[in-house]
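Since the structure comes first, as structure tokens, the remarks are kept for the end.
Side chains included, hydrogens not; waters and symmetry mates left out as well; all remaining heavy atoms used. Chain naming here is simple, since letters A, B, ... match the order of the sequence lines and numbering starts at 1 in each. Note that the structure is a prediction, hence the values are computed from the model and not measured.
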There are 2 protein chains.
Amino acid sequence: MDKPHMSGTDTTAQAAGRPTLKTIAFMTGLGVTTVSRALKDAPEIGEETRRRVQLVARQVGYRPNRAGVRLRTGKTNVISLVLNTEEQIGGFVSDMIYGISEHLAQTPYHLIVTPYSRNNDPLEPVRYVVETGSADGIIISRTEPDDKRVRYMLERGFPFATHGRTEIGTEHAFHDFDNYAFARDAVKKLADLGRKRLALLAPPSTLSYHHHMRNGFVDTMAEIGFAEVPFNAVTVDHSIEQIRARTLQLMQRPNRPDGIVSGAGGATFALVAGIEDAGLKVGKDIDIVSKQSAKLLHLFRPELFVVNEDVRLAGRELARSVIACIDGEPAGSLQSLSQPGPVLARGE
Amino acid sequence: MDKPHMSGTDTTAQAAGRPTLKTIAFMTGLGVTTVSRALKDAPEIGEETRRRVQLVARQVGYRPNRAGVRLRTGKTNVISLVLNTEEQIGGFVSDMIYGISEHLAQTPYHLIVTPYSRNNDPLEPVRYVVETGSADGIIISRTEPDDKRVRYMLERGFPFATHGRTEIGTEHAFHDFDNYAFARDAVKKLADLGRKRLALLAPPSTLSYHHHMRNGFVDTMAEIGFAEVPFNAVTVDHSIEQIRARTLQLMQRPNRPDGIVSGAGGATFALVAGIEDAGLKVGKDIDIVSKQSAKLLHLFRPELFVVNEDVRLAGRELARSVIACIDGEPAGSLQSLSQPGPVLARGE
DNA sequence: GGCAACATCTGTAACGTTACAGCTTGCGGC
DNA sequence: GCCGCAAGCTGTAACGTTACAGATGTTGCC
């Protein structure tokens, strides 16, 4: 009533809009600062006051204004998922998004999708987010051994998590599928089936997991004493038509493979089509072990052997990691490697 | 030098951080207000000043602080895509996201993904976004004829666009695929192939496009004089296992269909599996016309007939519409219906 | 010369939040 | 009775932006 700095009409009425700290301050008769502190359980607020404020806040459905917090503190409460918009076929991306969302739902974080197309520099969206501070953390995929995006974020101390590992000395948060183990198990399976001339349909050689998968393949081949049938003309990232055409060529060669390890479900569709174009039959002339994220391959050709990759799990893990990274946890504890399940035959 | 209200250290040095209006104001010697107005081409700014300000802004790489704008104006420059996290198989969602992103890339808008799981109320994420003002516009899918989300947003005048139409009197922005035309073309194709006992694997009956597809199917059947073989036990949203099992049952019935129209590519995988479980063969005992968004069906079974739905295009259209809606354009002009392409046989 | 009209620019306040530096009050010690 | 201290609360300023209400100077007109 007699305070000198009463700010205008505020005591008269609270607007019908969303409640703010001021609303609660007015209702409780406290200062805005006190309310702010009470809501975040600051120590110098009395026990009763704290409870009173929190009660009122809950009653009126108070939610902090994100713009206010962001402007004041710089904290955006946003995670950015950086995506290549020409990502391969197979629903991979939706599962990743769902996985991330599942974890973020329990947090104040929102998920924003920051895309880039193939002709753009992959660094560009990352730089954009970091420079404009439009997120507190970034998740990237398609990681390379010497990934410049990773270097960029490490240099700037910007929190992030990668789907896939790097060869960079500095530790950072990642989640990865053990593609070495996958290729090893796949080769062993094909060997068990009596196959001897094996080929690998690998990811692009620029990506980290190309090397893991290839090493797993090569090491196990060497162990068993097999020689590889080279198949480097295409990768799992090529178009259906390209993979199909190249596979046809491969299968028409004199020493065509009798077993193939395929790094992606989508590519396996094209692979099988190419094999059948050559008049050969999966399960008879050749066996295939393929990784898949959507569970469609056994419907496609029951003779295929599959290993499931749980991308949704990867999304959850990455979300967890990037938030822990934001909270300052050491990167060493934010690394996880998901082991492949068993190689599955039809109906398993 | 002699201004009374010089605010502290600002004249001393500009921090190394991101440039703000104050930075540019200092560099040009102008006031913050002038800079702000000059950058948005306000009329009362001199031609030369405007150019000078814009030049400097470009040079220093000025980008408006989103939190500042949002706090002051309430404009978030965010579009929210509301998604069901148990969305069906087939990469549908990624294409939608890519399509939206493609359009948003040319705008200041960011895309945020707001998920909800099946057990939640679909209205909940919409209410959250509207109440907290966390976006300027919303895109929803899985539209129902009397969609409460649509009613909610219409009542509040909140900008949105729907993937799919409603039966609600008030006009609103939407993009839809003409599923009536699809079903009509599909039935005609099957009739041309000499098939007579047709069934429909439709979307869930709660969704708008269930009715469009079913009407197209029923009307065309009536026109030709065919009677439908009922197949209502499952929808395209059911699990692979369920569709497969029910299809097996269907195909073991005495008057099993010799033609099926399938509303989704993912479901068609299960459908074909069920048919083959019954010992029948697609293209011989039965023909199928299926819609698809990923182009995998012809690899799966070349005997299938397919109609492609361009979900990426839908994403672009929806993004365009929702932004136009935000800009106040009348909803009537923001409605588009995408016509199905021809029914394609193998390799076409 | 006086004055209105105009073009161009400016400062202040506010959006909602939090860091910071205070301000009271009560209480124990001397 | 006074001091110091702690507990508990408070106001002010600032984050970057824009709406608004001026301020300044210049031009043209009588």
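A salt bridge does not link A/D147 with A/R142: none of the charged nitrogens is closer than 4.0 Å to a carboxylate oxygen. Using a cutoff of 4.0 Å between basic side-chain nitrogens and carboxylate oxygens, B/D121 and B/K148 are scored as salt-bridged. A/D310 has no carboxylate O lying under 4.0 Å from a charged side-chain N of A/R312, or vice versa, which leaves the two without a salt bridge. Under a 4.0 Å N-O distance rule, the pair A/R18/B/E131 does not qualify as a salt bridge.
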CA sep, side-chain torsions, deciding dist, call: A/R51, A/E47, salt bridge (charged side-chain N to carboxylate O under 4.0 Å, His left out): CA-CA 6 Å; A/R51 271 207 306 271; A/E47 181 56 27; 3.0 Å; yes
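For the pair A/R50 CZ and D/dC9 C1', the computed distance is 13 Å after rounding to whole Å. Spacing between atom CG of B/L21 and atom P of C/dC9 amounts to 16 Å, rounded to whole angstrom units. Taking atom CZ on A/R72 and atom P on D/dG16, their separation rounds to 10 Å, with Å as the unit. In this entry the distance linking CD1 of A/I45 with P of D/dC9 reads 6 Å, nearest Å. If you measure from atom CG of A/N65 to atom P of D/dG16, you get 16 Å, rounded to the nearest angstrom. Separating the CZ atom of A/R63 from the P atom of C/dC15 is a distance of 22 Å, rounded to the nearest angstrom. Between the C1' atom of C/dC9 and the CZ atom of B/R52 lies a distance of 12 Å, rounded to the nearest Å.
Screening residues 27-55 of chain A for ring pair (Phe, Tyr, Trp, His ring centres under 6.0 Å) gives no qualifying pairs among residues at least two apart or on separate chains.
Of the candidate nucleotides D/dT18, C/dT17, C/dC9, D/dT18 has the atom lying nearest to any side-chain atom of B/V32. Candidate nucleotides C/dT10, C/dT18, D/dT10 were compared by shortest atom distance to the side chain of A/L30, and D/dT10 ranks first.
In terms of phosphate contacts, A/T73 brings no side-chain nitrogen or oxygen within less than 4.0 Å of OP1 or OP2 of C/dT18. Not one side-chain nitrogen or oxygen of A/K22 sits closer than 4.0 Å to the OP1 or OP2 atom of C/dT17.
Summarising the local packing, CZ of B/R63 is surrounded by 12 or fewer heavy atoms from other residues, nucleotides or ligands at distances under 6.0 Å.
DNA chain C lies under 4.0 Å from no heavy atom of any residue of residues 35-43 of chain B.
At a threshold of 4.0 angstrom between heavy atoms, the contacts of B/G31 are confined to the sugar-phosphate backbone, with no base atom among them.
Using modelled atom types, one side-chain atom of B/R50 and one backbone atom of B/A42 make a donor-acceptor pair closer than 3.5 Å.
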Sequence-aligned protein contact record of nucleotides 21-28 of chain D, with B where the base is within under 4.0 Å of a protein heavy atom and S where only the sugar-phosphate is: --------
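Nearest-nucleotide mapping onto DNA chain C: of B/E47 and A/R66, the residue sitting toward the 5' end is B/E47. Toward the 5′ end of DNA chain C lies the nearest nucleotide of B/T49, the other residue of the pair B/T49 and B/L71 mapping further downstream.
The cationic group of A/R58 does not satisfy the cation-pi geometry with A/Y62, failing either the under 6.0 Å distance to the six-membered ring centre or the 45° limit from the ring axis.
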